[in-house]
Amino acid sequence: MVVAGDIIIRAMKPDTTINQLRHFVGQEVVLSGWAYNVRSSGKIVFLLLRDGTGLCQCVVEKNEQTEPFFESAKRTTQESSVTISGLVREEPRAEGGYELAVSGFELLHAAKDYPITPKAHGIDFLMRHRHLWFRSRRQEVILKIRATLTDAIRRFFNDNGYVNIDTPIFSPAAGEGASTLFSVDYFGEPVYLAQTGQLYVEAACMAHRKVYCFGPTFRAEKSKTRRHLTEFWMVEPEIAFAELDDVLAVAEDFIISLRDRVLRDHREHLQFLGRDLAQLERIRKPFVRLRYNDAIELLHSDAAQQLLQRDLEAKNQQITTLEQELAEATEKAKSAAKQWEKDKAAAREIEIREELAELREQVANIPHHVELAKNFQWGKDLGGSDETIISRLHEQPVFCTHYPKQVKAFYMKVNKQDPRLVNNFDLLAPEGFGEIIGGSQREDEYDVLLERIHEEGLPVEPYEWYLDLRRYGSVPHGGFGLGVERTLCWLAGLKHIREAIPYARMMGKIYP
RNA sequence: UCCCCGAUAGCUCAAUGGUAGAGCGAGCGGCUGUUAACCGCUAGGUUCUAGGUUCGAGUCCUAGUCGGGGAGCCA
């Protein structure tokens, strides 16, 4: 039966996809895809087709030619798969500017009760239907940008002389902080899912000079925030004959290249997501370099306090505005003449309530943040609110460098001028998106590294191979890790990290 | 681990302690330019669980489960 339909539909017509339609204006073509939305009146059907490359309105007018399939087209349910032929024509009223005047129609599979309807849904429901949520416009766009981002990451390193080294996911011992590792039964032995490939990539670095690993990493942290996943993707370059400044320069070029590529390939997608492109476009070298000691001064400064004060005022102002809007929406939801107007007002009401709740929480937190900043003491790690303050006081991304060694990992290079510090850095993305890179120069002196292992109370034996790298031709070297999902959040302007990965693994979430 | 909020139809949400409703979705019908189309009709409920208060609990109280937001920690 498919064959018969095929012959009728396909005879002499080229198969194409929606993103190619502009090359076929005035011609008959065949499209296949899924019904995104179907509207009909008595004698005309508008079927919005989704084919993975775009959306196209397919118009079926009732006449002799369409008579055999008109009813079938009219009754097509959401997300049913179809093959449609028709004449491509320019049409300003249609989304995308082109539409198909349908001449042939075949239903491949009728979807029954597709769960994600064209109305509002809660996040829990959407996450449980992640496998179907992919088909929604916003999710499709985000994951397309992600695919470009991961390609741009590999491209940068491959084009710049780095060798890709795949590091193991099963790790024999806890590298740092065993509590944050997932343990797995490995033939009766407890092993752990890798939370970094760095130590392994360092070894390869001594063979290849410039290397990187790229893959999933795992953190068993019980954190439930919009910035955390238990499984996320990280790329970790490692460079021989490099000191801290050399690593910073690489990170800078790397970030610029990712920004350039995503902006080049996804301008329209970013606009669809509501991203402020000017914020991305203004990013340029050099990024801000801020030493930990200076960051503390900044946190203690009037500028920081004023920023928070201005924030408080701006947010209170926003709350007032939103409260007015909420009252209007509530009134409209009750009094509007048309049902759809009520609907829209009610939906807006829910949106406003959510925004208000978020703003009120932020306002409630500001005094706390003020205190944290004012009382920040030397020797502590920078907290989330501190990072936000620092990044908001600068136009460009900020490298925070030279942290106290007690809050950092044992392998970071102890600073020669001030041995209380290490030659490390975090990169803070602008607009308060927070930390997207953590990196350092590595300790290359055998004695110092051994000392640090002892200081941290770590067993030496599992690190013998790592110490070997300092026994046989040790060189200054360093690298960093960039979190793919956090970077995507920044580039695409996503509020929550769960949208930045196809299947988010979070505390207590493993389906689908 | 800590703090705040929530759980009512497939979905999104209503319901001064007093007969559980609406819209969407589904089913049926109407409509030749719709844009989350629109209009009419129909079906759809163990109000998260277990206790308690009360003449009476979706609503109040206690505990638990699950979810959301935030803190800490981090990419």
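Keep in mind the model is a prediction, meaning the values are calculated, not measured.
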Need one value for A/K509: base, sugar-phosphate or nothing, where a base atom within 4.0 Å counts as base even if backbone is also close, heavy atoms only. sugar-phosphate

So A/H228, base contact, sugar-phosphate only, or nothing? Heavy-atom distance under 4.0 Å. base

For A/F46, which contact category applies under a 4.0 Å heavy-atom criterion: base, sugar-phosphate, or nothing? base

Taking any strand in view, what nucleotide pairs with B/C2 in a Watson-Crick or G-U wobble way, both distances under 3.5 Å? B/G70

On the nucleotide B/C73, are OP1 or OP2 found under 4.0 Å from the side-chain N or O atoms that A/K380 carries? no

Assign A/E99 to base, sugar-phosphate, or nothing according to its heavy-atom contacts below 4.0 angstrom with the strands shown. base

Answer yes or no: side-chain N or O of A/H121 and base N or O of B/C11 forming a donor-acceptor pair under 3.5 Å. no

Are the ring centres of A/Y503 and A/F134 closer than 6.0 Å? yes

Reckon A/R498 touches a base, only the sugar-phosphate, or nothing at all at heavy-atom distances under 4.0 Å? sugar-phosphate

With sugar-phosphate meaning primed atoms plus P, OP1 and OP2, does A/D426 contact a base, only sugar-phosphate, or nothing at under 4.0 Å between heavy atoms? nothing

Which part of the nucleic acid does A/R75 contact within heavy-atom distance under 4.0 Å: base, sugar-phosphate only, or nothing? sugar-phosphate

Which part of the nucleic acid does A/E95 contact within heavy-atom distance under 4.0 Å: base, sugar-phosphate only, or nothing? nothing

So what does A/I436 hit on the nucleic acid, given a heavy-atom distance under 4.0 Å: a base, only sugar-phosphate, or nothing? sugar-phosphate

Taking 4.0 Å as the cut-off, does a side-chain nitrogen or oxygen of A/R227 come that near to OP1 or OP2 on B/A71? no

May I ask you to decide whether A/R219 forms a salt bridge with A/E221, counting only side-chain N to carboxylate O separations under 4.0 Å? no

With sugar-phosphate meaning primed atoms plus P, OP1 and OP2, does A/E91 contact a base, only sugar-phosphate, or nothing at under 4.0 Å between heavy atoms? base

